Amino acid sequence: RYEQLDELRQDILKLNEKFNRLERVKYPGNSFVIISGVAPISTIEELNSAIDNANLARKSVKNSLKAACIIFDEELKMTLLKEAEITNDMEQALKNKEFVVYYQPKYKINTNQLVGAEALVRWRRNGNLISPVEFIPIFEKNGFIVNVDFYVYEEVCKMLHNRLKKRLPVIPISINVSRVHLNDEDFVNRFETLVDSYKIPHEYLELELTETVLLDNTLVAIDIMQQFRKKGFSVSIDDFGSGYSSLNLLKDINTDILKIDKEFFSQGEMKREEKIIVSSIINMAKQLNMKVVSEGVKTKKQFEFLRSIGCDMAQGYLFSMPIPVTEFEAMI
Ligand code: C2E
Ligand code: CA
Ligand code: CA
């Protein structure tokens with residue numbers, strides 16, 4: 001029963017406190033966390049698999065500094081199975097070119113002009129198109145995101161390269177930068193080498209870093225953003241306004257573009273408070289010489305409001321969903 005499970009967790013928290021009081025004497029300056037995994041067992045023959053399951057449950061705890069007790073239930077079992085399947089298939093999928101890049105257009109608000117697009121990855125797997133929210137968190141955990149991201153970056157470079165070669169019009173494309181790249185000192189160079197190998201002028205690429213990545217690794221992120229800007233790439237803060245100390249970020253970070261989080265536009269009708277916040281963000285960004293893109297714009301009313309307060313660009317279902325490359329190229 002859930003109430004009983006909750007009680008059990010509380011007991012473990014208490015036990016952890018007790019343990020810490022005791023052990024602090026022996027190991028001054030250290031603290032301890034009890035992380036436990038629990039699995040059901042009905043006969044002694046199941047002992048080994050129950051121990052494995054309990055261990056799997058224990059290892060599923062992420063970034064916890066608090067005592068935790070995880071039960072191996074059906075839900076966890078399914079999640080772990082799905083994760084294992086994705087992990088098993090990912091390398092072959094990359095070789096088979098099952099990852100595909102979709103593009104979502106961005107429009108300049110006061111002229112309705114197509115001025116850019118964001119590259120968004122999908123996984124075409126057994127006839128289904130899987131959303132990145134299903135696999136990116138797993139790839140960020142196991143590191144494979146580095147390969148997928150560079151695959152996406154290269155596909156974008158190829159598209160731009162072909163258009164430039166044929167003297168077709170091009171617009172800047174933004175790509176997403178996973179938090180994992182921040183641990184790689186060579187990331188900026190590796191990115192530049194790729195872009196230069198396709199002879200793409202740097203102004204055609206924009207790098208999006210999410211606000212949470214910036215908050216978690218502020219100093220490294222600031223440094224990386226500076227390096228990219230010095231090389232002539234644009235950088236933007238993605239999901240701006242979704243965190244708790246968004247405003248604090250702005251005093252330390254030089255960025256070209258702010259992307260206002262789609263949560264502000266998730267209801268067709270914006271609340272008075274949301275409108276005030278969005279207007280203030282835009283005002284502030286202007287004074288700091290940043291451009292603003294509103295993301296997830298869904299209704300004509302939101303668009304009119306954004307126009308009235310001087311937002312520069314918009315991206316969202318009102319204009320277009322993310323679309324395959326051929327469809328996108330036909331629009332430019
Ligand atoms: P994001 O960077 O915030 O991307 C915007 C997401 O909003 C996209 O979801 C897009 O399809 C969705 N969206 C666009 N317009 C609307 C709208 O009007 N309403 C709503 N509700 N949603 C809208 P998507 O493609 O599922 O991507 C989800 C997230 O996965 C992205 O969020 C990004 O963080 C990550 N992601 C996607 N592609 C890549 C990639 O190539 N590399 C990395 N590292 N992350 C990626
Ligand atoms: Ca993004
Ligand atoms: Ca976003």
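Every value quoted in this text rests on a predicted model; they were computed, and no experiment measured them. Because only heavy atoms are used, hydrogens play no part in the values below, and waters and symmetry mates are left out as well, while side chains stay in. Counting starts at 1 for both ligands and their atoms, in listed order.
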For [atom], which candidate among [options] holds the nearest heavy atom?
atom                    : options                : value
atom 10 (C) of ligand 1 : Leu120, Asp238, Thr210 : Leu120
atom 7 (O) of ligand 1  : Glu263, Lys262, Glu134 : Lys262
atom 33 (C) of ligand 1 : Thr299, Asn176, Thr212 : Asn176
atom 45 (N) of ligand 1 : Val133, Ile175, Ile136 : Ile136

Angle, OE1 of Glu295 through the Ca ion (ligand 3) to OD1 of Asp238 - 10° precision: 100°
For [X], counting its heavy atoms only, list the atoms of ligand 1 lying under 4.0 Å from any of them.
X      : result
Pro322 : 11 (O)
Gly316 : 15 (N), 18 (O)
Lys298 : 18 (O)

From CA spacing to verdict: side-chain hydrogen bond (donor to acceptor under 3.5 Å, both in side chains), Glu208, Ser174: CA-CA 7 Å; Glu208 298 192 1; Ser174 64; 2.8 Å; yes
Asn176 near the Ca ion (ligand 2): N/O/S under 3.0 Å: yes
Please say whether [X] places an N or O atom under 3.5 Å from an N or O atom belonging to ligand 1.
X      : result
Asp149 : yes
Val121 : yes
Glu208 : no
Tyr317 : yes

Ring centre gap for Phe144 and Phe135 strictly below 6.0 Å: no
Atom name of the N, O or S atom in Asp239 that lies nearest to the Ca ion (ligand 3): OD1
